[in-house]
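Here, residue 1 is the first one in the sequence, and each next residue gets the next number. Because only heavy atoms are used, hydrogens play no part in the values below, and waters and symmetry mates are left out as well, while side chains stay in. Small disclaimer: the values here were computed from a predicted structure and weren't measured.
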Amino acid sequence: MSTTVAIVGGGWAGLACAVDCVRRCLRPTLFEAAPQVGGRARTVRMDGLPLDNGQHILIGAYSETLALMRAVGADPDALLQRLPLALEFDDGFSLRAHSSGRLGLAIAFLRARGMSWRDRLAALRLMRAIRRTPAADETVAALLARTAQTDGAITHLWAPLCIAALNSSIEQSSARVFARVLTDSLMGPPGAADLLLPRADLGSLLPEPALFWLRAHGAAVNTGTRVRAVRQQTDGFAIDCADGVQRFDRVVFACSPHQLPALLGDLPGMQDIARQIAALEYEAITTVYAAFDARTRLPAAMTGFVAGEPHWVFDRGQLGGPPGLLASVVSAAGATREETERAVLAALHRQFPALPEPLWVRTISERRATFRCTPGRAVIEQPRDTRVAIAGDYLVADYPATLEAAVRSGLAAACRLAGASRKTQDSSGK
């Protein structure tokens with residue numbers, strides 16, 4: 001009889017864990033409180049309109065995410081538009097990196113439009129410093145000051161890349177995590193820095209194919225099912241939900257971290273972990289969708305705004321979506337919906353004066369889109385009980401809240417439980 005695993009949470013971490021459990025001959029059952037899987041990267045319906053709950057960007061360095069997509073039958077080449085790293089801003093700045101690594105990065109800096117020679121030399125100086133010495137546990141702003149970065153390099157490179165990757169300002173963000181992102185992408189292997197822009201809705205990238213794959217392989221997936229409590233028993237764990245109490249050999253907590261402390265409260269030895277998770281702080285992301293005439297087309301599929309609000313606007317029509325649909329992203333958002341919509345539409349009309357009034361506007365905010373990636377953030381360890389695992393993007397040390405971190409954490413949780421299962425079987429003589 002194979003080992004049974006309860007996975008609480010059907011986001012990208014939970015789905016990755018469930019798929020890998022099947023591949024490791026474990027028997028997972030997934031519990032998701034929402035009507036659909038996908039967590040903070042899913043497709044939702046607003047007034048009958050299918051919209052993503054946020055505009056996501058993947059990069060070529062997301063090796064585990066791309067591999068998992070292929071494993072469940074989702075073709076990244078068809079679902080993602082791969083572009084060399086390109087930063088286009090509303091003030092005319094433009095940078096294109098046609099290859100990763102030090103040489104490709106140097107060429108991109110030299111050819112960038114809107115950078116002075118002081119900006120170029122400063123940018124190269126930062127990358128050299130990161131390559132030679134591990135970043136200190138300080139803010140990104142402190143790192144930029146220590147490496148004498150110019151206003152131009154900060155405005156067009158480091159500040160927008162920081163807000164895009166860590167969803168927080170350079171004054172708050174961890175330099176160590178930011179340096180890791182730059183190392184893995186800009187200085188990574190060929191293709192690592194490529195932008196992968198979704199051509200389809202987020203549900204099509206992984207959640208829906210993974211759901212189909214899991215059910216085809218005999219795994220149970222219970223959507224619209226909230227787990228009320230998890231209790232330890234002599235021979236496993238009792239999962240209490242609306243459908244009753246079910247028993248499992250192992251349990252994985254892959255739900256949103258703000259929901260986790262309450263679930264850990266009934267398990268022995270979890271108090272310290274629960275306190276660490278409860279101490280996490282969060283940043284919001286708001287996406288303003290505005291529909292225009294189908295003939296509307298922006299100069300680029302992705303445009304950055306130096307002043308922020310929005311930070312980026314995506315022409316969904318150029319990415320396989322409905323023609324004329326623009327998705328404007330405001331990172332670390334704190335204003336009201338009405339204030340954000342007014343600011344975004346005003347910025348769009350200033351930059352693109354020919355834009356008519358939108359046919360409709362819909363706004364989606366994720367209040368806890370990412371954990372706040374600050375210096376000194378505690379590393380949350382796995383429980384001592386190897387029958388229990390936690391999965392989530394906030395567990396991957398020196399990495400921000402990304403889809404790749406979520407997937408990696410799910411795979412690590414499955415590996416942990418598979419090892420515990422083998423030890424149990426060996427000790428019982430099976």
Side-chain angles (χ1 to χ4, degrees), residues 5-14 16-17 31-34 39-40 136-139 166-168 171-178 180 226-234 236-241 248 250-285 332 334 366-402 405-417 419-420:
V5 179
I7 301 174
V8 183
W12 288 51
C17 181
F31 296 91
E32 170 54 49
R40 286 167 287 156
D137 192 18
E138 60 186 355
T139 65
L166 277 66
N167 191 35
S168 55
E171 290 79 16
Q172 291 182 320
S173 298
S174 164
R176 181 175 296 168
V177 174
F178 186 54
R180 172 69 182 272
R226 182 177 297 279
V227 172
R228 296 181 295 210
V230 177
R231 299 183 181 87
Q232 184 172 317
Q233 298 178 326
T234 304
F237 300 88
I239 307 297
D240 183 359
C241 60
F248 293 88
R250 308 283 184 266
V251 62
V252 177
F253 293 96
C255 54
S256 296
H258 72 278
Q259 299 169 333
L260 191 49
L263 290 175
L264 294 178
D266 291 330
L267 298 177
M270 300 291 185
Q271 288 71 29
D272 287 344
I273 294 176
R275 280 193 292 269
Q276 286 182 313
I277 295 174
L280 290 173
E281 297 178 310
Y282 302 92
E283 296 281 10
I285 296 179
E366 284 285 339
R367 292 190 301 116
R368 299 183 181 91
T370 63
F371 63 87
R372 187 170 291 164
C373 224
T374 55
R377 181 174 66 90
V379 176
I380 299 173
E381 303 289 348
Q382 290 288 345
R384 290 186 178 181
D385 187 343
T386 57
R387 300 173 304 166
V388 181
I390 303 175
D393 54 17
Y394 59 98
L395 295 169
V396 181
D398 289 347
Y399 225 69
T402 62
V407 168
R408 290 187 184 187
S409 73
L411 299 176
C415 179
R416 171 184 171 89
L417 295 191

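One finds the OG1 atom of T370 at 11.0 Å from the CG atom of L280 (value rounded to the nearest 0.5 Å). With rounding to the nearest 0.5 angstrom, the SG atom of C255 is 12.5 Å from the CZ atom of F31. Between D240 atom CG and R226 atom CZ the span is 13.0 Å, to the nearest 0.5 Å. Rounding to the nearest 0.5 Å places CG of L166 at 8.0 Å from CZ of F371. The distance from atom CZ of R40 to atom CZ of R368, rounded to the nearest 0.5 Å, is 10.5 Å. Separating the CZ atom in F237 from the CG atom in D385 is a distance of 5.0 Å, to the nearest 0.5 Å.
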Between M270 and V388, is a side chain to side chain contact (heavy atoms under 4.5 Å, CB included) present by the stated rule, with each step listed?
-> CA-CA 10 Å; M270 300 291 185; V388 181; 3.7 Å; yes
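Residues A6 and I239 share a closest heavy-atom pair of CB-CG1, 3.8 Å. Residues E32 and G11 come closest through the heavy atom pair OE1-N, 4.1 Å. Across all non-hydrogen atoms, the minimal contact from A13 to A254 is C-CB, 4.5 Å. Between G236 and R387, the shortest heavy-atom distance links the atoms N-NH1, 4.0 Å. Of all heavy-atom pairs spanning A16 and L411, the tightest one is O-CD2, 3.9 Å. D137 approaches G376 most closely through the heavy-atom pair OD1-N, 3.0 Å.
Checking side-chain atoms of T402 against main-chain N and O of A405 turns up a donor-acceptor pair under 3.5 Å. Side-chain atoms of R250 never come within 3.5 Å of backbone atoms of A389 as a donor-acceptor pair (strictly under, hydrogens ignored).
Contact annotation: the side chain of S173 never approaches that of C373 to less than 4.5 Å [non-hydrogen atoms, C-beta and beyond]. At least one side-chain heavy atom of Y282 sits less than 4.5 Å from a side-chain heavy atom of P257. No side-chain heavy atom of I277 sits under 4.5 Å from any side-chain heavy atom of F253. Counting heavy atoms from C-beta on, the side chains of T386 and R416 come closer than 4.5 Å. No side-chain heavy atom of R367 sits less than 4.5 Å from a side-chain heavy atom of H258. Here the side chains of R176 and R180 are not in contact, with every heavy-atom distance at 4.5 Å or above. Q382 has its side chain within reach of L395: a pair of non-hydrogen atoms, C-beta onward, lies under 4.5 Å apart. Side-chain contact between Q232 and P268: present, with at least one pair of heavy atoms (C-beta onward) separated by less than 4.5 Å.
Other residues, nucleotides and ligands contribute over 12 non-hydrogen atoms within 6.0 Å of the CZ atom of R228.
In summary, of the residues considered (V407, V5, V252), a side chain to side chain contact (heavy atoms under 4.5 Å, CB included) with C17 occurs for V252 alone.
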